[in-house]
There are 2 protein chains.
Amino acid sequence: MFPVKEIDLHATEIYPGTQSVARAIALLKAFSDAQPEWSLNELAQATGLNKTTAFRLLSALEAERLVMRNPLSGGYRLGVELIAIGGTAMRSNPLRAMSRPSLVTLAEQSGEAATLEMLVENYVLVLDEIASSNPMGMTQDVGNRLPLHATATGKVLLASRPDAEIDRLLSDPLEPLTEQTIIDRARLKAELARVRQEGIAIAVGELEPWFTAVAAPIMDRERQVIAAISVGGPSLRLTADRLPTIAAMVQMSARQISRQLGYWPG
Amino acid sequence: MFPVKEIDLHATEIYPGTQSVARAIALLKAFSDAQPEWSLNELAQATGLNKTTAFRLLSALEAERLVMRNPLSGGYRLGVELIAIGGTAMRSNPLRAMSRPSLVTLAEQSGEAATLEMLVENYVLVLDEIASSNPMGMTQDVGNRLPLHATATGKVLLASRPDAEIDRLLSDPLEPLTEQTIIDRARLKAELARVRQEGIAIAVGELEPWFTAVAAPIMDRERQVIAAISVGGPSLRLTADRLPTIAAMVQMSARQISRQLGYWPG
DNA sequence: ATCGTTGTTTCATATTGTGAAATATAATAT
DNA sequence: ATATTATATTTCACAATATGAAACAACGAT
């Protein structure tokens, strides 16, 4: 159903004369929801930097407000300037702008929340989200990172990658987020094969116990899968009998967006 | 009503050994909603960097996905990694987390959208926003930058700064965004004096013709104004007779948040 | 074809970034 | 209190890294 092309995603080649910038970025990337505050030593250790170097780089980041310090603990946190720059990055993202109308329609049609997500590093990044018109929509999490193996979109994006890369992308072991999360690699691989064939992925209670989602791939003119869209909501509403209908809606929207990107089926 | 302390916000002192990082950040800061895509030469010119240097730094940023290129034009845009990092920055912001409950209550009480905003560079940054329960809420713009002179929150934040800094912060001339935008500096200064006294700011149709907002300051234990909260919505709903009631609600919430930050009135 | 414009590579140079060590500061134990 | 550890910050000699002029390549436009 959809192609698996070998493309060098790990373009981590080192440009000469960019060491300090690369290191500063590594520092920024260390911060996460799980650990939003770091001490200097922790950061130096996690990034493999000399303590003095980390300190100097962090001072530069702090002066520009990309990083701030907890006045009580002295710990480092991401700064407000990143909220501003991140907001600009989000609003100016071309894929997001292009997909939005279809996503809105999809949310209306389905009556559930619709999202646009893509593969970044080894996570799924939520690029856009249209809240459900029905009450009890998902939490607002544009800009959030979600695990690849426990999301419908993650499965779609994984399925589009060659096998060797899938192994690189998946955490080991697969973290169980709910009872339903697939933690057996072989079973996940089998599921991915099915996703590849059918062009649709489903996750029932795999990310959160109450949550079900259906996802389909977005492809560009080179027939590369560059993103995925999904419809998701409470499993009580997205019941088994509704899933085929919803899957069809998601696929139709996905094709519509893909076509706008220059993709031509056939 | 509230204090005006002289504090060096422009801590743009130069740490030794951080030139390239500072320059890379300057490149990122060049991007805006108004101009989301830049050519290499434009960026080099805008930041005052040598073309080669800009190119090298941008290559480093691109390798880490903080920047991406438009395959058609070759132009530079902010990359998806910044959306992810920005999301983390937002979700981990302590002020935002602390203010949220009060902000939710405020939105419920008033039936209008409530926001938390702070001064970053020479703009107001929207840190959080609770949508109106009533239909036709504001557009979602957490992470957005708004002009200081045309927003209620901006007036509050300006009023807390010493006069010399106000002049530095304000654009010259003041940009008229609507018919109602205050573009006369003297008139704005007079208004700020009143805001300083009353501890409340109002903007009726000054940012957008249909939009009215009311804002109050958030203060920390050092009695510094560090942020502002607001309630805003269509002017048709936020009519003159309702404004005093809403102002009281905003002020009460602002005090509540301030007290959590260690502020003690008196 | 020729020019002008923009992006990319090369390379000699020294400025800039580096990290070990010393110092200061805070937190905890004795 | 005092010692002890674990932090953060400053200093400084050294050379690796970042720099920018210049040359080159790749386009479009005229």
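- Whole-Å rounding puts the B/Y76 OH to C/dT6 P distance at 14 Å.
- Under the 4.0 Å criterion applied to side-chain N and carboxylate O atoms, A/K155 and A/E117 are not assigned as salt-bridge partners.
- For B/L72 and C/dT6, the CG to P distance is 18 Å, given to the nearest whole Å.
- Within residues 36-46 of chain A, no residue has any heavy atom closer than 4.0 Å to DNA chain C.
- Residue B/N70 contributes atom CG, which lies 15 Å from atom C1' of C/dT6 at whole-angstrom precision.
- When only modelled atom types and interatomic distance are considered, A/N122 and A/R168 share no side-chain donor-acceptor pair under 3.5 Å.
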B/S/- along nucleotides 19-24 of chain C (protein heavy atoms under 4.0 Å) is BBB---
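- Looking only at distances, a side-chain donor or acceptor of A/T151 sits under 3.5 Å from a matching main-chain atom of A/G154.
- We find that CG of B/L58 is positioned 16 Å from C1' of C/dT9, with the value rounded to whole Å.
- Using a 4.0 Å cut-off, no side-chain N or O of B/R69 falls inside it from OP1 or OP2 of C/dT6.
- Nucleotides D/dA18 and D/dC14 place their C1' atoms 16 Å apart, quoted to the nearest Å.
- Here the closest non-hydrogen pair linking A/L127 and A/M90 is O-CG, 4.2 Å.
- Ion pairing between B/E121 and A/R65 fails under the 4.0 Å rule for side-chain N and carboxylate O.
- The heavy-atom pair separating A/G74 from A/R69 by the smallest distance is O-NH2, 2.8 Å.
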Practice task
With side chain to side chain donor-acceptor pair (under 3.5 Å) as the test, would you mind laying out the steps for A/T153 and A/S230 before giving the verdict?
Solution key: CA-CA 6 Å; A/T153 44; A/S230 83; 5.5 Å; no
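- Between A/R23 and A/T47 the shortest side-chain heavy-atom distance does not fall below 4.5 Å.
- Look at B/S20 and you'll find a side-chain N or O under 4.0 angstrom from OP1 or OP2 of C/dG17.
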